Amino acid sequence: LLGGCEDQVLAFEGLFFAGLKGLSPRKLMPDLMALSGDVKRLYASVKSMFLDEMGATDYACYHVRLGDFAKMCDSLEHLDAHPKIAEAVSDSYIKTMKNFTCVVTADELVGAVKKSGIPALVMSDSPEKLDEALAKVPIKTLTSGWVTRAVKQSAKGKVSAAELELLSLIIDQELCSDAEFAVLN
(Lines give C-alpha, C1' and ligand atoms only; values in the text may rest on other atoms or scores of the structure.)
Protein backbone atom coordinates (compact mmCIF):
# COMPACT_ATOMS: atom_id res chain seq x y z
CA LEU A 1 0.00 0.00 0.00
CA LEU A 2 1.03 3.59 -0.58
CA GLY A 3 0.85 6.14 2.20
CA GLY A 4 0.71 9.65 3.46
CA CYS A 5 -2.88 10.32 4.26
CA GLU A 6 -2.82 9.15 7.90
CA ASP A 7 -1.40 12.56 8.94
CA GLN A 8 -4.22 14.22 7.01
CA VAL A 9 -6.85 12.00 8.61
CA LEU A 10 -5.62 13.04 12.03
CA ALA A 11 -5.70 16.66 10.88
CA PHE A 12 -9.26 16.27 9.63
CA GLU A 13 -10.38 14.73 12.92
CA GLY A 14 -8.66 17.69 14.60
CA LEU A 15 -11.29 19.95 13.05
CA PHE A 16 -9.52 20.92 9.86
CA PHE A 17 -6.29 22.26 11.37
CA ALA A 18 -3.33 20.34 12.66
CA GLY A 19 0.18 21.17 13.70
CA LEU A 20 2.05 18.34 11.99
CA LYS A 21 5.64 19.01 12.96
CA GLY A 22 6.98 16.07 14.96
CA LEU A 23 3.81 14.03 14.51
CA SER A 24 4.50 10.52 13.25
CA PRO A 25 1.55 8.15 13.14
CA ARG A 26 3.75 5.79 11.11
CA LYS A 27 5.79 5.11 14.25
CA LEU A 28 2.59 4.00 15.96
CA MET A 29 1.40 2.01 12.93
CA PRO A 30 4.52 1.23 10.85
CA ASP A 31 2.84 -1.16 8.44
CA LEU A 32 -0.06 1.12 7.64
CA MET A 33 0.12 2.42 4.09
CA ALA A 34 3.89 2.15 3.69
CA LEU A 35 5.45 3.48 0.50
CA SER A 36 7.29 1.07 -1.78
CA GLY A 37 11.02 1.63 -2.35
CA ASP A 38 10.41 3.05 -5.84
CA VAL A 39 7.82 5.50 -4.54
CA LYS A 40 10.09 6.51 -1.65
CA ARG A 41 12.85 7.33 -4.15
CA LEU A 42 10.40 9.24 -6.35
CA TYR A 43 9.15 11.15 -3.31
CA ALA A 44 12.71 12.03 -2.24
CA SER A 45 13.43 13.39 -5.72
CA VAL A 46 10.23 15.45 -5.89
CA LYS A 47 10.62 16.70 -2.31
CA SER A 48 14.14 17.89 -3.06
CA MET A 49 12.85 19.76 -6.12
CA PHE A 50 9.95 21.09 -4.03
CA LEU A 51 12.16 22.46 -1.24
CA ASP A 52 14.53 24.03 -3.77
CA GLU A 53 11.62 25.69 -5.57
CA MET A 54 9.97 26.71 -2.29
CA GLY A 55 13.20 28.20 -0.94
CA ALA A 56 12.28 27.07 2.57
CA THR A 57 12.04 23.91 4.63
CA ASP A 58 9.03 25.05 6.66
CA TYR A 59 5.80 25.43 4.75
CA ALA A 60 2.07 25.16 5.23
CA CYS A 61 -0.30 22.84 3.40
CA TYR A 62 -3.77 23.90 2.30
CA HIS A 63 -6.28 21.45 0.88
CA VAL A 64 -8.94 23.18 -1.21
CA ARG A 65 -11.72 21.39 -3.08
CA LEU A 66 -13.11 23.65 -5.76
CA GLY A 67 -15.82 21.59 -7.34
CA ASP A 68 -16.35 17.99 -6.44
CA PHE A 69 -17.53 18.67 -2.89
CA ALA A 70 -20.03 21.39 -3.82
CA LYS A 71 -22.98 19.01 -4.14
CA MET A 72 -22.16 17.36 -0.80
CA CYS A 73 -21.77 20.74 0.88
CA ASP A 74 -25.11 21.91 -0.52
CA SER A 75 -26.76 18.75 0.82
CA LEU A 76 -25.34 19.29 4.29
CA GLU A 77 -26.25 22.97 4.31
CA HIS A 78 -29.85 22.20 3.25
CA LEU A 79 -30.68 19.08 5.24
CA ASP A 80 -34.39 19.87 5.13
CA ALA A 81 -34.32 19.01 1.40
CA HIS A 82 -32.31 15.81 2.02
CA PRO A 83 -34.05 13.78 4.76
CA LYS A 84 -31.95 10.62 4.21
CA ILE A 85 -28.76 12.55 4.74
CA ALA A 86 -30.27 14.33 7.75
CA GLU A 87 -30.98 10.94 9.35
CA ALA A 88 -27.41 9.77 8.82
CA VAL A 89 -25.65 12.88 10.16
CA SER A 90 -25.35 13.41 13.91
CA ASP A 91 -26.45 16.61 15.63
CA SER A 92 -22.91 17.15 16.94
CA TYR A 93 -21.54 16.92 13.39
CA ILE A 94 -24.09 19.49 12.16
CA LYS A 95 -23.23 21.80 15.06
CA THR A 96 -19.50 21.47 14.29
CA MET A 97 -20.03 21.87 10.54
CA LYS A 98 -21.77 25.21 11.03
CA ASN A 99 -18.53 26.61 12.43
CA PHE A 100 -16.58 25.89 9.23
CA THR A 101 -16.75 26.70 5.53
CA CYS A 102 -17.50 23.70 3.37
CA VAL A 103 -16.64 25.30 0.02
CA VAL A 104 -13.57 27.54 0.20
CA THR A 105 -13.11 30.22 -2.46
CA ALA A 106 -9.80 31.20 -4.03
CA ASP A 107 -10.01 34.57 -2.24
CA GLU A 108 -10.47 32.87 1.14
CA LEU A 109 -7.44 30.70 0.39
CA VAL A 110 -5.35 33.75 -0.52
CA GLY A 111 -6.33 35.41 2.75
CA ALA A 112 -5.32 32.33 4.76
CA VAL A 113 -1.95 32.02 3.00
CA LYS A 114 -1.19 35.71 3.56
CA LYS A 115 -2.20 35.46 7.21
CA SER A 116 0.08 32.45 7.84
CA GLY A 117 3.06 34.29 6.36
CA ILE A 118 4.91 31.12 5.36
CA PRO A 119 5.34 29.40 1.97
CA ALA A 120 2.52 27.06 1.03
CA LEU A 121 1.63 23.92 -0.84
CA VAL A 122 -1.95 24.08 -2.09
CA MET A 123 -3.49 20.70 -2.82
CA SER A 124 -6.55 20.98 -5.03
CA ASP A 125 -8.73 19.03 -7.42
CA SER A 126 -8.50 22.05 -9.76
CA PRO A 127 -5.11 23.74 -9.21
CA GLU A 128 -5.33 25.66 -12.48
CA LYS A 129 -8.35 27.54 -11.10
CA LEU A 130 -6.12 28.89 -8.31
CA ASP A 131 -3.20 30.12 -10.42
CA GLU A 132 -4.56 33.64 -10.98
CA ALA A 133 -5.49 34.17 -7.34
CA LEU A 134 -2.23 32.73 -5.98
CA ALA A 135 -0.19 34.91 -8.35
CA LYS A 136 -1.29 37.86 -6.17
CA VAL A 137 0.18 36.30 -3.01
CA PRO A 138 3.58 37.73 -2.02
CA ILE A 139 4.42 34.37 -0.38
CA LYS A 140 5.79 31.45 -2.42
CA THR A 141 3.03 28.96 -3.21
CA LEU A 142 3.11 25.75 -5.20
CA THR A 143 0.06 23.71 -6.17
CA SER A 144 -0.88 20.14 -7.05
CA GLY A 145 -0.26 21.15 -10.65
CA TRP A 146 3.40 21.81 -9.84
CA VAL A 147 3.59 18.46 -8.05
CA THR A 148 2.19 16.62 -11.08
CA ARG A 149 4.76 18.26 -13.37
CA ALA A 150 7.58 17.39 -10.94
CA VAL A 151 6.44 13.76 -10.64
CA LYS A 152 6.29 13.49 -14.43
CA GLN A 153 9.80 14.97 -14.73
CA SER A 154 11.21 12.71 -11.99
CA ALA A 155 9.55 9.56 -13.35
CA LYS A 156 11.15 10.30 -16.75
CA GLY A 157 8.37 8.76 -18.84
CA LYS A 158 8.42 5.44 -16.99
CA VAL A 159 4.78 5.66 -15.91
CA SER A 160 1.41 5.59 -17.64
CA ALA A 161 -1.03 8.50 -17.43
CA ALA A 162 -3.03 6.64 -14.76
CA GLU A 163 0.11 5.91 -12.72
CA LEU A 164 1.19 9.55 -13.06
CA GLU A 165 -2.16 10.70 -11.69
CA LEU A 166 -2.01 8.26 -8.76
CA LEU A 167 1.63 9.00 -7.93
CA SER A 168 0.96 12.75 -8.08
CA LEU A 169 -1.86 12.37 -5.55
CA ILE A 170 0.34 10.30 -3.25
CA ILE A 171 3.29 12.71 -3.49
CA ASP A 172 0.89 15.62 -2.84
CA GLN A 173 -0.29 13.90 0.34
CA GLU A 174 3.25 13.08 1.43
CA LEU A 175 4.34 16.69 0.96
CA CYS A 176 1.30 17.84 2.92
CA SER A 177 2.05 15.42 5.76
CA ASP A 178 5.56 16.92 6.01
CA ALA A 179 4.21 20.48 6.33
CA GLU A 180 4.55 22.63 9.44
CA PHE A 181 0.75 22.69 9.63
CA ALA A 182 -2.22 21.83 7.44
CA VAL A 183 -5.55 23.49 6.82
CA LEU A 184 -7.88 20.98 5.24
CA ASN A 185 -11.14 21.48 3.35
Side-chain angles (χ1 to χ4, degrees), residues 2-26 35 39-70 73 96-97 99-155 164-185:
L2 304 168
C5 64
E6 63 272 12
D7 289 339
Q8 293 177 11
V9 171
L10 290 173
F12 184 78
E13 291 172 356
L15 300 179
F16 304 97
F17 176 87
L20 301 177
K21 193 156 190 121
L23 182 67
S24 182
R26 287 195 181 111
L35 297 173
V39 175
K40 283 181 182 178
R41 284 185 289 282
L42 178 64
Y43 177 64
S45 173
V46 172
K47 185 167 184 186
S48 176
M49 293 167 59
F50 175 82
L51 294 175
D52 286 347
E53 181 75 19
M54 193 64 78
T57 56
D58 288 341
Y59 58 93
C61 175
Y62 296 87
H63 178 239
V64 178
R65 306 303 295 204
L66 292 174
D68 58 355
F69 278 29
C73 292
T96 300
M97 188 195 81
N99 292 318
F100 296 95
T101 301
C102 194
V103 176
V104 176
T105 67
D107 289 338
E108 289 168 324
L109 169 66
V110 165
V113 171
K114 284 180 178 179
K115 184 176 179 183
S116 78
I118 67 171
L121 166 66
V122 180
M123 295 173 36
S124 179
D125 59 332
S126 304
E128 68 284 349
K129 292 181 181 176
L130 296 170
D131 290 341
E132 185 179 329
L134 290 173
K136 301 173 192 170
V137 177
I139 300 161
K140 184 69 175 185
T141 59
L142 298 175
T143 67
S144 297
W146 183 94
V147 172
T148 298
R149 291 186 297 278
V151 169
K152 186 175 184 177
Q153 178 183 340
S154 293
L164 175 63
E165 185 176 350
L166 177 61
L167 289 168
S168 296
L169 291 170
I170 291 164
I171 301 297
D172 236 7
Q173 291 177 10
E174 287 294 313
L175 288 168
C176 189
S177 72
D178 286 343
E180 182 78 18
F181 66 88
V183 179
L184 309 176
N185 175 222

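Just so you know, these numbers use all the heavy atoms, side chains as well, and skip hydrogens, waters and symmetry mates. Bear in mind that the values here come from a model prediction, so they are computed numbers and not experimental data. Residues: numbered from 1 along the sequence shown.
Remark: the backbone N or O of Ala44 is not paired with any side-chain donor or acceptor of Ser48 at under 3.5 angstrom. Between the side chain of Ser116 and the backbone N or O of Val113, at least one donor-acceptor pair lies under 3.5 Å. Within the 3.5 Å criterion, the main-chain N or O of Leu42 finds no donor-acceptor partner in the side chain of Ser154. Although no hydrogens or angles enter the test, the distance criterion places no donor-acceptor pair under 3.5 Å between the side chain of Tyr43 and the main chain of Ile170.
Tyr62 and Thr141 are not linked by any side-chain donor-acceptor pair at a separation below 3.5 angstrom, with hydrogens and angles left out of the test.
Here the OG1 atom belonging to Thr148 is positioned 13.0 Å from the CD atom belonging to Gln153, to the nearest 0.5 angstrom. Between the CD atom of Gln173 and the SG atom of Cys176 there is a distance of 8.5 Å, given to the nearest 0.5 Å. For the atom pair OG of Ser126 and CZ of Arg65, the computed distance is 8.0 Å after rounding to the nearest 0.5 Å. To the nearest 0.5 Å, atoms CD (Glu132) and CG (Leu134) are separated by 10.5 Å. In this structure, CE in Met54 is found 7.5 Å from NZ in Lys140, a value given to the nearest 0.5 Å. The line from CD of Glu174 to SG of Cys61 is 11.5 Å long, rounded to the nearest 0.5 Å.
Among Leu166, Leu164, Leu169, the one residue that satisfies the side chain to side chain contact (heavy atoms under 4.5 Å, CB included) test with Val151 is Leu164.
Closest approach of Thr143 and Pro127 over heavy atoms only: OG1-CB, 3.6 Å. Taking each heavy atom of Ile118 and Glu180 in turn, the nearest pair found is CD1-CB, 4.3 Å. Taking each heavy atom of Val46 and Trp146 in turn, the nearest pair found is O-CH2, 4.2 Å. Considering every non-hydrogen atom in both Leu51 and Ala56, the closest pair reads CD2-O, 3.4 Å. Across all their heavy atoms, Leu130 and Ala106 have their closest contact at CD2-CB, 3.9 Å. Closest approach of Val104 and Val64 over heavy atoms only: O-CG1, 3.9 Å.
Taking a 6.0 Å sphere around CD of Glu108, one finds it holds more than 12 heavy atoms contributed by other residues, nucleotides or ligands. Within 6.0 Å of NZ in Lys47 there are more than 12 heavy atoms belonging to other residues, nucleotides or ligands.
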Walk me through it: do Val147 and Leu142 pass the test side-chain contact (heavy atoms from CB on, under 4.5 Å)? CA-CA 8 Å; Val147 172; Leu142 298 175; over 6 Å; no

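Between Leu121 and Asp172, some side-chain heavy-atom pair lies under the 4.5 Å cut-off.
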